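Below is one structure, written out as structure tokens, with a few remarks after it.
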Amino acid sequence: MNALIEDLKARGLIAQTTADEELHEHLSSGSRTLYCGFDPTADSLHIGSLVPLLILKRFQEAGHKPLALVGGATGLIGDPSFKAAERKLNSDDIVANWVDSIKKQVSAFIEFGEQDNAAEVVNNLDWISKMDSISFLRDVGKHFSVNAMIQKESVKQRIDREGAGISFTEFSYMLLQSYDFAALNKEKNCTLQIGGSDQWGNITGGIDLTRRMNQEKVFGLTMPLVTKADGTKFGKTESGTIWLDPAKTSPYAFFQFWITTLDADVYKFLRYFTFLTVEQIAEIEETDKNIKGRPQGQGILAREVTRLVHGEEGLASAERITEALFSGNLSNLSESDLAQLAQDGLPATDVNNDSASIVELLTSCELAASNKMAREFVNNGAVMVNGEKITDTEATITKADALFSRYTLIKRGKRLFNLFIWK
RNA sequence: GGAGGGGUUCCCGAGUGGCCAAAGGGAACAGAUUGUAAAUCUGUCGCGAAAGCUUCGGUGGUUCGAAUCCACCUCCCUCCA
């Protein structure tokens, strides 16, 4: 039995593998090369890609060589797997830009350098763009049966469902990804592909193609889809997707995302998203069972994952804001603390007058979408100004009332803040 | 190329001339309760203080009145070739 696979199993991180026993043997008998693909569908990855990224890292720590494939070519096509509808094509230059930013992000998780199992980032545009359409159809396409392809669960809803449909472009996606595996096997002796469970069809396609083109036996491993106990979608909040790019989701917002993890999910997420051992996590869970009130799991999860993604500094800034806003008294904050909060990525807005109505302030930032909503929030008692509840919709906030004549901190609801800076 | 079916407010989806800012569900938001949970209960959920205004793929038309009828355009789907 292979220790790494056993650990992944214990963490619940394995959905399916091909040739289970042979895979154990394969990984135990030497340093292997594996890859995972990341298609550029935006200028940043989001936390949905965190599980595969961390698994690449786990493999590397176990002595294997990870390849992060950025889909410069496949990103131009669009993966139809389990997607309800055909997607819009993005232009070459946009995708090329995305490839660059995603390359950088991916690089933060795995070690490069001189060691034998140093990571590499590859781009499938490098080999796919070299292939002409005749070779594609003769050398790759000939190995695929359309009969088999339309049977794949991943495209079923597009084929069966009334009102859906799939273009030849997206239908061919599987062939490109399959060819990636064969090409990486040939060039880099890559023998394992990992991915989310939605990639199973594409991965097995690649395994078959590699056997046919290269006469090589290669393996696949998929991770389960990350789900939440309440059935809502993982990775989204009221303010949208949680990105890995700190410019798109601040370390503070990122930290907050994890801190609000449901009790029912937190230990599972600790196993998925941290490098704490399963034994350590079991201990945390055991301790939490015996304390009344707030469990410690969410805090540990938030700290571990924020450190992994944003480093010690990002974690420190996230914790500073969290500490200031959620533990007790705002009046304890010094002027430099307040200045630091804005620096650390707490949403902040400049105000150019000496006074403004509460409604104006709320609508001038993300806290309220319209005057109507702003009034409703005030009426509901959802608005706090510098820690004091405001219930008068006509209230005026002045510079003179500001903390240090400069800062007004407004809270809407349980955990949404905006700092106003008077000029 | 031919025939047919569609595009409704964040999503799904009802609505075929006035009672429609538009059913229902989901998501979301606020309050109570709590642990910055869950569950539950209450309220909100186009804009506007209100009068009212803007919306049902687009443009134009019929009508006292249109999401609903007509014309053209556009995008999507299904089947046939």
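In this text the structure is predicted, and so the values were computed from the model without any measurement. Residue numbers begin at 1 in each chain, while the letters A, B, ... track the order of the sequences.
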Ignoring hydrogens and angles, tell me if any N or O in the side chain of Asn386(A) forms a donor-acceptor pair with the backbone of Leu409(A) under 3.5 Å. yes
Contacts under 3.5 Å, N or O only, protein and nucleotides 48-50 of chain B:
| unit_1 | atom_1 | unit_2 | atom_2 | d |
| --- | --- | --- | --- | --- |
| G48(B) | OP1 | Asn371(A) | N | 3.0 |
| G48(B) | OP2 | Ser370(A) | OG | 3.4 |
| G48(B) | OP2 | Lys372(A) | N | 3.2 |
| A49(B) | OP1 | Arg375(A) | NH2 | 2.7 |
| A49(B) | OP2 | Arg375(A) | NH1 | 2.7 |
| A49(B) | OP2 | Arg375(A) | NH2 | 3.4 |

Taking the basic N atoms (NZ, or NE/NH1/NH2) and the acidic carboxylate oxygens, is any pair closer than 4.0 Å for Glu335(A) and Arg406(A)? no
What nucleic acid atoms does Thr393(A) come within less than 4.0 Å of, heavy atoms only: base, sugar-phosphate, or nothing? nothing
C1'-based separation of G13(B) from C79(B) [nearest Å]: 25 Å
Under a 3.5 Å limit for both distances, which nucleotide forms a Watson-Crick or G-U wobble pair with A14(B), could you say? none
Going by atom type alone, with no hydrogens or angles, which donor-acceptor pairs under 3.5 Å involve a side-chain atom of residues 41-56 of chain A and a protein atom two or more places apart or on another chain?
| unit_1 | atom_1 | unit_2 | atom_2 | d |
| --- | --- | --- | --- | --- |
| Asp43(A) | OD1 | Lys248(A) | NZ | 2.9 |
| Ser44(A) | OG | Gln105(A) | NE2 | 2.9 |
| Ser44(A) | OG | Asp245(A) | N | 3.3 |
| His46(A) | ND1 | Gly48(A) | N | 3.1 |

Nearest whole Å is fine: how far is U36(B) C1' from Lys411(A) NZ? 8 Å
Nearest-Å distance for atom pair CG/P, residues Asn379(A) and C45(B): 13 Å
5′-ward residue of the pair Leu262(A)/Gly293(A) relative to RNA chain B: Gly293(A)
Can you give the donor-acceptor pairs under 3.5 Å from side chains of residues 273-285 of chain A to other protein atoms, not counting sequence neighbours?
| unit_1 | atom_1 | unit_2 | atom_2 | d |
| --- | --- | --- | --- | --- |
| Thr274(A) | OG1 | Leu270(A) | O | 2.6 |
| Thr274(A) | OG1 | Leu276(A) | N | 3.3 |
| Thr277(A) | OG1 | Gln280(A) | N | 3.1 |
| Thr277(A) | OG1 | Gln280(A) | OE1 | 3.3 |
| Gln280(A) | OE1 | Thr277(A) | N | 2.8 |

Please enumerate all protein N or O atoms sitting under 3.5 Å from an N or O of nucleotides 30-34 of chain B, with distances to 0.1 Å.
| unit_1 | atom_1 | unit_2 | atom_2 | d |
| --- | --- | --- | --- | --- |
| A30(B) | OP1 | Arg412(A) | NH2 | 3.2 |
| A30(B) | O2' | Asn380(A) | ND2 | 3.2 |
| U33(B) | O4 | Lys414(A) | NZ | 3.1 |

With rounding to the closest Å, how many angstrom separate the P atoms on U55(B) and U68(B)? 12 Å
note: Glu323(A), atom CD; U36(B), atom C1'; distance rounded to Å ~ 13 Å
Quote, to the nearest angstrom, the P distance that separates C69(B) from A14(B). 16 Å
Test Gln193(A) against Gln199(A) for side-chain hydrogen bond (donor to acceptor under 3.5 Å, both in side chains), laying out the working first. CA-CA 10 Å; Gln193(A) 180 179 180; Gln199(A) 293 300 307; over 6 Å; no
With rounding to the closest Å, how many angstrom separate the C1' atoms on G25(B) and C70(B)? 34 Å
Let's test this: given Watson-Crick or G-U wobble pairing with both distances under 3.5 Å, identify the partner of A3(B). U78(B)
Donor-acceptor contacts under 3.5 Å from residues 298-305 of chain A side chains, at least two apart:
| unit_1 | atom_1 | unit_2 | atom_2 | d |
| --- | --- | --- | --- | --- |
| Gln298(A) | NE2 | Thr261(A) | O | 2.8 |
| Gln298(A) | NE2 | Asp263(A) | OD1 | 2.9 |

Nearest-angstrom distance, P atom, G24(B) to U42(B): 16 Å
Under 4.0 Å between a Lys/Arg side-chain N and an Asp/Glu carboxylate O for Asp344(A) and Arg320(A)? yes
Given atom CD of Glu285(A) and atom C1' of A37(B), what is their separation to the nearest angstrom? 15 Å
Grab the CG-P distance between Asp265(A) and G35(B) for me, whole Å please. 20 Å
Which whole number of Å gives the distance between the P atom of C29(B) and that of A37(B)? 11 Å
Could you check how far CD of Glu366(A) sits from P of A28(B), rounded to whole Å? 18 Å
Ion pair check, Asp354(A) and Lys423(A), cut-off under 4.0 Å: no
Taking atom C1' in both G6(B) and C56(B), compute the distance separating them and give it to the nearest angstrom. 14 Å
Measure from CD1 on Ile300(A) to P on A37(B) and round the result to the nearest Å. 19 Å
Below 4.0 Å: OP1/OP2 of U36(B) and any side-chain N or O of Arg294(A): yes
Of all pairs that satisfy salt bridge (charged side-chain N to carboxylate O under 4.0 Å, His left out), the ones with a partner from residues 90-107 of chain A, not counting sequence neighbours: none
Between the base of U36(B) and the side chain of Gln298(A), is there a donor-acceptor distance below 3.5 Å? no
Rounding to an integer number of angstrom, what distance separates G35(B) and A28(B) when you compare their C1' atoms? 22 Å
Answer yes when Asp208(A) and Arg212(A) have at least one side-chain N-carboxylate O distance shorter than 4.0 Å, and no when they do not. no
Strictly by Watson-Crick or wobble contacts shorter than 3.5 Å, is anything paired with G46(B), and which nucleotide is it? C53(B)
